[in-house]
Amino acid sequence: MTGAGISAESGLATFRGAGGLWDGQPVERVATPEGFAADPALVWRFYSERRAQAAAALPNRAHRALAELEARLGERFLLATQNVDGLHQRAGSQRVVEMHGSLWRTRCSVCPAPPVEDRGLVEPPLPRCARCGGLLRPAIVWFGELLDAADTRRIERFIVSSARGASRLVFLAVGTSGNVWPAAGYVSLARSAGADTWLVNLDSAENVGAFDHFVQGPAGEVLAPLLRVENGDRGDDPARGGDGARGDAGPDGPPRERGEVTPGEGRASYP
Ligand code: APR
C-alpha cells in the first residue's frame with residue numbers, strides 16, 4: 001500500500017504537512033464533486049498542473065524497489081496505491097491497483113461512458129463528453145465518492161486468499177499518513193488475516209499503532225535495503241519469513257503493541 005510519500009523523492013508534493021498540496025488549498029474546492037460543479041475551470045487548472053508535474057517526474061529508487069520485488073514474487077505480490085501519478089507503472093510495476101484513480105484518465109461527469117487515456121493540459125473551453133455533451137472531469141476518486149468496487153474487492157481478496165497460502169502474508173505500507181479511508185484500514189484487515197505488518201514512512205502516521213514494525217526514514221533510502229532487492233541479493237525475503245530486515249524496526253525499537261482499528265466502507269473520506 002503506497003501513498004504520496006513514495007513519490008516525494010521524485011519531486012512531487014505530498015498532500016498534508018507544510019508545503020503539501022492541501023497546504024493553503026481548500027480541498028473541498030478541487031477534490032470534491034461539489035467543488036467541480038461550482039468551478040470546473042479551477043479544478044481542471046489544479047489537475048493540469050499536477051499532470052505537468054507528474055509528466056516531468058521520474059520514478060525513484062523506492063518505486064523501482066517495489067517493481068523488483070514484484071518481478072521476484074509474481075502473483076504473490078499486489079501493489080495497491082493511493083497515488084494517481086503513474087510512477088509505479090513507469091518503474092515497471094504491473095500488478096497495480098490505483099485505488100484513487102489516475103491523473104492520466106478522464107471521464108464524463110454525467111454519463112457512465114468509460115474513462116479514456118488523456119495526458120492533455122486542459123484550459124477553457126473545457127472538454128465535453130462526445131456521448132452526452134456533459135463536462136469531462138479527471139478520473140480521480142474525490143472525497144465523498146465511492147472507490148471502484150472491483151478495486152476494493154481485488155485488494156480484499158488478495159489479502160484474504162494470501163493468508164491461506166503457504167508463505168506468510170506481509171503487508172507493507174510506504175509513504176502514507178494513514179489519514180484516508182478505506183486505505184488506512186487495510187493494515188487491520190491484513191492483520192486480522194495473520195499478516196506481519198510494516199510501515200515505512202518519513203514521519204509517524206495516524207494508524208502507526210496498527211503496524212508491527214515501523215521503519216522511519218525516506219523510502220528511497222530505506223526501502224530497497226529493507227527488501228534486499230538491489231544488486232539481485234535474494235537474501236532475506238519478507239514473504240519467506242527471513243529476519244535480516246527485522247532488526248531495522250525504526251528508532252522506536254521493537255514492534256509496537258497491537259492497536260485494533262476497523263476498516264471503513266468503500267468511500268474515500270477524511271477526518
Ligand atoms: N519517504 C517516505 N515517506 C515520506 C516521504 C519519503 N521521502 N516524504 C513524505 N513521507 C510521508 C509523510 O511523512 C506523510 O506521512 O508520506 C506521508 C504522506 O502523507 P499524505 O500527504 O497525507 O499523503 P497520503 O497518505 O498518500 O494521502 C492519502 O489523501 O489527499 C488524499 O487522495 C489523496 O491519495 C491521497 C490520500
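All of these numbers come straight from a predicted model, not from anything done at the bench. Note that ligands are numbered from 1 as they come in the structure, with each ligand's atoms numbered from 1 the same way.
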Worksheet item: Of all the non-hydrogen atoms in the protein, which one sits nearest to atom 34 (O) of ligand 1, and at what distance?
Response: His100 ND1, 2.9 Å

Worksheet item: Given Gly175, Gly217, Ala4, Gly20, which has its nearest heavy atom closest to atom 17 (C) of ligand 1?
Response: Gly175

Worksheet entry | atom 28 (C) of ligand 1 [closest protein heavy-atom partner, distance rounded to 0.1 Å] | Gln82 OE1, 3.2 Å

Practice prompt. Using a 4.0 Å heavy-atom cut-off, say whether Asp203 meets ligand 1 through its side chain, its backbone, both or neither.
Written response: both

Worksheet entry | Closest protein heavy atom to atom 6 (C) of ligand 1, given as residue, atom name and distance to 0.1 Å | Gly5 O, 3.3 Å

Fill in: Sidechain N-carboxylate O distance under 4.0 Å for Asp85, Arg50
no

Worksheet entry | N/O separation below 3.5 Å, Pro218 to ligand 1 | no

Discussion item. Which residue is it: Gln89, Glu117, Glu98? I am looking for the one with a side chain to side chain contact (heavy atoms under 4.5 Å, CB included) to Trp104.
Written reply: Glu117

Worksheet item: Got the closest protein heavy atom to atom 21 (O) of ligand 1, with its distance?
Response: Phe15 N, 2.7 Å

Worksheet item: For the atom pair CZ (Arg191) and CD1 (Ile159), what is the distance rounded to the nearest 0.5 Å?
Response: 13.0 Å

Practice prompt. Side-chain contact test, heavy atoms from C-beta onward, threshold under 4.5 Å: evaluate it for Val84 versus Tyr47 and give yes or no.
Written response: no

Worksheet item: Given a cutoff of under 4.5 Å between side-chain heavy atoms of I, L, V, M, F, W and Y, with clusters grown through shared members, what are the other residues clustered with Val160?
Response: none

Worksheet item: Which heavy atom of the protein is the closest neighbour of atom 1 (N) of ligand 1, given with residue, atom name and distance?
Response: Ala219 N, 2.9 Å

Response to the item:
A student checking ligand 1 against Phe143 at a 4.0 Å heavy-atom cut-off should list atoms 30 (O), 31 (C)

Practice prompt. Check whether any side-chain heavy atom of Thr81 lies under 4.5 Å from a side-chain heavy atom of Ile6, and answer yes or no.
Written response: no

Response to the item:
The closest protein heavy-atom partner of atom 3 (N) of ligand 1 is Leu202 N, 3.1 Å

Worksheet item: Which of the atoms in ligand 1, numbered in the order shown and given with their element, are less than 4.0 Å from a heavy-atom of Gly3?
Response: 26 (O)

Worksheet, complete the sentence: for atom 25 (O) of ligand 1, nearest protein heavy atom and its distance come out as Thr176 OG1, 2.7 Å

Worksheet item: Who's the nearest protein heavy-atom neighbour of atom 30 (O) of ligand 1, and how far?
Response: Trp22 NE1, 2.7 Å

Fill in: Per-residue contact class, Arg16 against ligand 1 - non-hydrogen pairs under 4.0 Å
both

Worksheet item: Which is closest to atom 14 (C) of ligand 1 in terms of heavy atoms, Thr14, Asn201, Leu223?
Response: Asn201

Worksheet item: CG/Leu79 to CD/Gln94 distance, rounded to the nearest 0.5 angstrom?
Response: 11.5 Å

Item to complete: List the steps, then state whether side chain to side chain contact (heavy atoms under 4.5 Å, CB included) holds for Cys129 with Leu136.
Response: CA-CA 6 Å; Cys129 174; Leu136 294 180; 3.9 Å; yes

Discussion item. Using 0.5 Å steps for rounding, measure from the CD atom of Gln53 to the CG atom of Leu21.
Written reply: 7.0 Å

Response to the item:
Interatomic distance, CZ@Phe214 vs CG@Leu199, rounded to 0.5 Å, equals 5.5 Å

Worksheet item: Taking only heavy atoms of Glu9, which atoms of ligand 1 are found under 4.0 Å from at least one of them?
Response: 1 (N), 6 (C), 7 (N)

